[in-house]
Amino acid sequence: MTPRAILFDAGNTLVYADPGRLAEIFRSEGVVTDNESVAVAELEARRTLHEAIRTGHVGTEPEVWREYFRALFRHSGVPPERMGAAGRKVREVHHLDHLWTRVAPGTEGVLAGLLDVGFRLAVISNADGRMAQLLDRCGLLGFFEFVVDSQDLGVEKPDPKIFEEGSRRLGLPLADCLYVGDLYPVDYVGATSAGMSAVLLDPLGLHGHRAPTISSLEDLVDYVSVAQADEA
């Protein structure tokens, strides 16, 4: 069934860690690096995250994210003896000023195009109460009817209640909603278990054997167009 509404995860779906700001932190710790090198390192760190998921982790565990940051630091050239200081600086900066502020090229065009053809859009995110403010800062908030932030709701994905809250606010059945996210156990399994359809954003091509996937947000337009054509 063609969805009437599309709901999005936020981190690593709509917004990403800013390599320029991370590079600045690393340079303050004496690391010789640049934005492009950190962007490549961040993608490799995400591979570490998804490999942990492939071996049975959910992807939200603290130890998984510690490994993500260790991989990010290592691939960015942070020496072992400086990783502790770099980690403290990253936590400090993120606490004061959210680091997930990069928007992938084409994101605004995708969202505007989906609105133009009649889809309703919203966000469901496991976040810390700052997601609506962050999306506003990044110029994306205006595309969405609302943001469900787990900190505000008191429920996190993959709990079905957070997806049910999204459909309740839309006034639509769960079956009329498509969810787009990047973590298989949290986003895809969570949404489909609640009764939504879902597609996984999978730029590394690791999850196609167990879920419908797209490699970039721009592929979502073709994905929903195919669904519309099949229904017609």
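Only heavy atoms go into these numbers, but all of them, side chains included; no hydrogens, no water, no symmetry mates.
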Tell me the closest heavy-atom pair linking [X] and [Y], and the distance in Å.
X: A198; Y: T192; result: CB-CG2, 3.8 Å
X: F73; Y: M83; result: CE1-O, 3.8 Å
X: G190; Y: F163; result: C-CE1, 3.4 Å
X: V31; Y: P79; result: CG2-CD, 4.0 Å
X: G11; Y: D182; result: O-OD1, 3.4 Å
X: A104; Y: Y16; result: CB-CE1, 4.1 Å

Less than 4.0 Å between a side-chain N and a carboxylate O, is that true for [Y] and [X]?
X: K89; Y: E92; result: no
X: R4; Y: D176; result: yes
X: D202; Y: R210; result: no
X: R21; Y: D97; result: yes
X: E164; Y: K161; result: no

Inset, instruction - Evaluate the criterion side-chain contact (heavy atoms from CB on, under 4.5 Å) for residue pair V199 and L220; output intermediate values, then yes/no. - result: CA-CA 9 Å; V199 62; L220 181 61; 4.1 Å; yes

Legend entry - CD/E145: more than 12 non-hydrogen atoms of other groups inside 6.0 Å: yes

Legend entry - Whether over 12 other heavy atoms sit under 6.0 Å from E61 CD: yes

Are side-chain heavy atoms of [X] and [Y] found at a separation under 4.5 Å?
X: Y179; Y: Y188; result: no
X: N12; Y: R46; result: yes
X: R130; Y: Q151; result: no
X: D9; Y: V180; result: no
X: V224; Y: V117; result: no
X: D18; Y: W100; result: no
X: T101; Y: L134; result: yes
X: E67; Y: L49; result: no

Can you hop from [X] to [Y] via hydrophobic side chains spaced under 4.5 Å?
X: I162; Y: L172; result: yes
X: L121; Y: L140; result: yes
X: F69; Y: V93; result: yes
X: V147; Y: V110; result: yes
X: V221; Y: F144; result: yes

In Å and rounded to the nearest 0.5 Å, what is the [atom1] to [atom2] distance from [X] to [Y]?
X: M131; Y: D152; atom1: CE; atom2: CG; result: 11.0 Å
X: F8; Y: L111; atom1: CZ; atom2: CG; result: 5.5 Å
X: Y223; Y: L178; atom1: OH; atom2: CG; result: 6.0 Å
X: D187; Y: L7; atom1: CG; atom2: CG; result: 11.5 Å
X: H50; Y: Y184; atom1: NE2; atom2: OH; result: 13.5 Å
X: L72; Y: T48; atom1: CG; atom2: OG1; result: 9.5 Å

With no hydrogens and no angle check, is any side-chain donor or acceptor of [X] less than 3.5 Å from a backbone partner on [Y]?
X: W65; Y: G59; value: yes
X: S150; Y: A127; value: yes
X: D149; Y: G129; value: yes
X: T107; Y: V103; value: no
X: T55; Y: A52; value: yes
X: R120; Y: L170; value: yes
X: S197; Y: C177; value: yes

Would you say the side chains of [X] and [Y] form a donor-acceptor pair under 3.5 Å?
X: S37; Y: D34; result: yes
X: E42; Y: Y68; result: yes
X: R27; Y: T33; result: no

Legend entry - Parallel, tilted or perpendicular, as decided by the 30° and 60° cut-offs, for the rings of H98 and H94: perpendicular

Inset, instruction - Applying side-chain contact (heavy atoms from CB on, under 4.5 Å), run through L200 and L183 and close with a yes or a no. - result: CA-CA 7 Å; L200 203 62; L183 296 180; 5.8 Å; no

Legend entry - Test side-chain contact (heavy atoms from CB on, under 4.5 Å) applied to V123 and V148, step by step: CA-CA 6 Å; V123 173; V148 179; over 6 Å; no

Inset, instruction - Using the side-chain contact (heavy atoms from CB on, under 4.5 Å) rule, take L99 and V90 through it: C-alpha gap first, then chi angles, then the decisive distance, then the call. - result: CA-CA 8 Å; L99 277 170; V90 166; 3.7 Å; yes

